[in-house]
Amino acid sequence: MKKFILALTLVAAPALAQDVVTYDTDQSFDDVTFGLESAIVDRGLVIDHVSRVGEMLERTRGDVGSDVVLFQDANVYSFCSAALSRKVMEADPMNIRFCPYDIFVMTRPDTPDTTTIGFRSFPDGEMKEVETLLDGIARAAIGLE
């Protein structure tokens with residue numbers, strides 16, 4: 001049983017160790033989300049879904065017994081690249097766990113003049129190409145590319 005728990009810990013550890021790549025800007029939330037939508041579409045990609053995380057958390061705040069306002073605004077944009085997804089999944093079919101790809105945009109109540117855009121980093125190997133794509137999109141959204 002101890003070997004099983006150790007093996008499970010070693011397998012789960014990389015997923016828990018992922019970092020987040022973020023960029024802060026003084027641009028408004030609306031300007032950054034517009035820039036993000038444009039940057040995604042400009043690369044020939046389609047936005048599959050926009051999760052309005054900030055709205056959901058605010059709407060349900062009282063229902064879950066919280067008085068904490070986490071975000072002034074917060075959305076997560078989900079999309080995929082057929083060509084890049086095929087490439088990384090042909091290298092390792094388990095890379096399916098990373099699809100679709102997400103980029104978030106948020107503004108916090110304590111720093112309303114700062115908008116943050118970001119995404120999770122990916123493990124070494126073929127998924128770094130996806131990370132490079134996301135980094136280029138995030139940077140383009142705020143005018144760094």
Side-chain angles (χ1 to χ4, degrees), residues 1-61 63-64 66 68-111 114-145:
M1 181 66 162
K2 287 182 182 178
K3 288 181 183 178
F4 174 74
I5 293 172
L6 177 60
L8 184 60
T9 302
L10 293 175
V11 170
L16 298 174
Q18 289 182 339
D19 292 322
V20 177
V21 177
T22 62
Y23 296 99
D24 289 335
T25 180
D26 61 0
Q27 297 174 43
S28 72
F29 179 83
D30 289 338
D31 286 348
V32 175
T33 57
F34 179 80
L36 176 56
E37 291 169 4
S38 297
I40 292 169
V41 171
D42 287 350
R43 284 169 173 72
L45 305 173
V46 175
I47 298 168
D48 294 323
H49 185 72
V50 178
S51 297
R52 305 208 184 284
V53 177
E55 290 176 13
M56 180 273 299
L57 289 171
E58 186 58 24
R59 184 179 65 251
T60 60
R61 181 167 49 104
D63 298 337
V64 298
S66 177
V68 177
V69 177
L70 293 169
F71 303 105
Q72 183 172 313
D73 289 297
N75 290 346
V76 179
Y77 288 76
S78 299
F79 56 94
C80 212
S81 163
L84 188 52
S85 293
R86 173 164 290 282
K87 181 178 178 181
V88 299
M89 287 181 219
E90 283 182 358
D92 181 356
M94 294 309 291
N95 284 332
I96 191 172
R97 70 188 181 275
F98 299 114
C99 197
Y101 311 126
D102 298 316
I103 296 180
F104 65 86
V105 179
M106 68 173 187
T107 336
R108 303 283 314 265
D110 55 332
T111 54
T114 301
T115 302
T116 302
I117 186 169
F119 54 92
R120 67 177 168 175
S121 63
F122 291 96
D124 288 337
E126 61 276 347
M127 289 306 297
K128 284 299 182 184
E129 190 171 348
V130 173
E131 186 173 317
T132 298
L133 170 71
L134 298 183
D135 192 60
I137 291 172
R139 292 171 56 80
I142 57 174
L144 294 178
E145 271 198 0

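The chain is numbered in sequence order, starting from 1. From a predicted model like this one, the values you see are computed outputs, not experimental measurements.
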Quick check: are there more than 12 heavy atoms from other residues, nucleotides or ligands sitting under 6.0 Å from NZ of Lys128? yes
What one should report as the nearest heavy-atom pair of Leu133 and Ser81 is CD2-CB, 4.5 Å
I'd like to know whether Val50 forms a side-chain contact (heavy atoms from CB on, under 4.5 Å) with Val76, so could you lay out the CA-CA distance, the side-chain angles of the two residues, the decisive distance to 0.1 Å, and finally the verdict.
CA-CA 6 Å; Val50 178; Val76 179; over 6 Å; no
Taken to the nearest 0.5 Å, the spacing of Ile117 CD1 from Thr33 OG1 works out to 9.0 Å
When the ring centroid of Phe122 is compared with that of Phe98, is the distance short of 6.0 Å?
-> yes
message: Evaluate Asp19 against Ser121 for side chain to side chain donor-acceptor pair (under 3.5 Å), listing each step before the verdict.
response: CA-CA 5 Å; Asp19 292 322; Ser121 63; 4.8 Å; no
Correct closest heavy-atom pair for Phe119 and Asp102 would be CB-O, 3.4 Å
Just by modelled atom types, is the Asp31 backbone N or O under 3.5 Å from a matching donor or acceptor in the Ser28 side chain?
-> yes
Closest heavy-atom pair, Val32 versus Thr25, reported as atoms and distance to 0.1 Å, is CG2-CG2, 3.6 Å
CG of Leu134 to CD of Glu129, rounded to nearest 0.5 Å, is 11.0 Å
Those residues at least two apart in sequence (or on a different chain) that pass side-chain hydrogen bond (donor to acceptor under 3.5 Å, both in side chains) with Glu37 are Tyr77
Here the gap from Asn75 atom CG to Ile103 atom CD1, rounded to the nearest 0.5 Å, amounts to 13.0 Å
Thr107 meets the side-chain hydrogen bond (donor to acceptor under 3.5 Å, both in side chains) criterion, sequence neighbours left out, with none
Rounding to 0.5 Å, atoms OG1 (Thr114) and CD (Gln27) come to a distance of 11.5 Å
| Looking only at atom types and distance, does a side-chain atom of Ser85 sit under 3.5 Å from a main-chain N or O of Ala82, one as donor and one as acceptor? | no
**Asked** Quick one: does Tyr23's side chain get under 4.5 Å of Leu144's, heavy atoms only?
**Response** yes
Salt bridge (charged side-chain N to carboxylate O under 4.0 Å, His left out) filter on Arg86, not counting sequence neighbours, yields Glu90
Note to self: Could you check whether Thr116 and Asp24, counting side-chain N and O atoms only, form a donor-acceptor pair closer than 3.5 Å?
What the structure shows: yes
Any side-chain heavy atom of Leu84 sitting closer than 4.5 Å to one from Val130? yes
Across all chains, not counting sequence neighbours, the salt bridge (charged side-chain N to carboxylate O under 4.0 Å, His left out) partners of Glu126 are none
For Arg61, the salt bridge (charged side-chain N to carboxylate O under 4.0 Å, His left out) test, sequence neighbours excluded, returns Glu58
Quiz item: Quick one: does Arg43's side chain get under 4.5 Å of Ile137's, heavy atoms only?
Solution: yes
For the residue pair Arg108 and Gln72, establish whether any side-chain heavy-atom pair is separated by less than 4.5 Å. no
Applying side-chain hydrogen bond (donor to acceptor under 3.5 Å, both in side chains) to Asp92 and not counting sequence neighbours gives none
Heavy-atom nearest pair, Pro100 first then Cys80, reads CA-SG, 4.4 Å
No-hydrogen, no-angle side-chain donor-acceptor test under 3.5 Å, Tyr101 and Asp48 | no
Within the structure provided, determine whether Asn95 and Met127 are in side-chain contact (heavy-atom separation under 4.5 Å).
yes
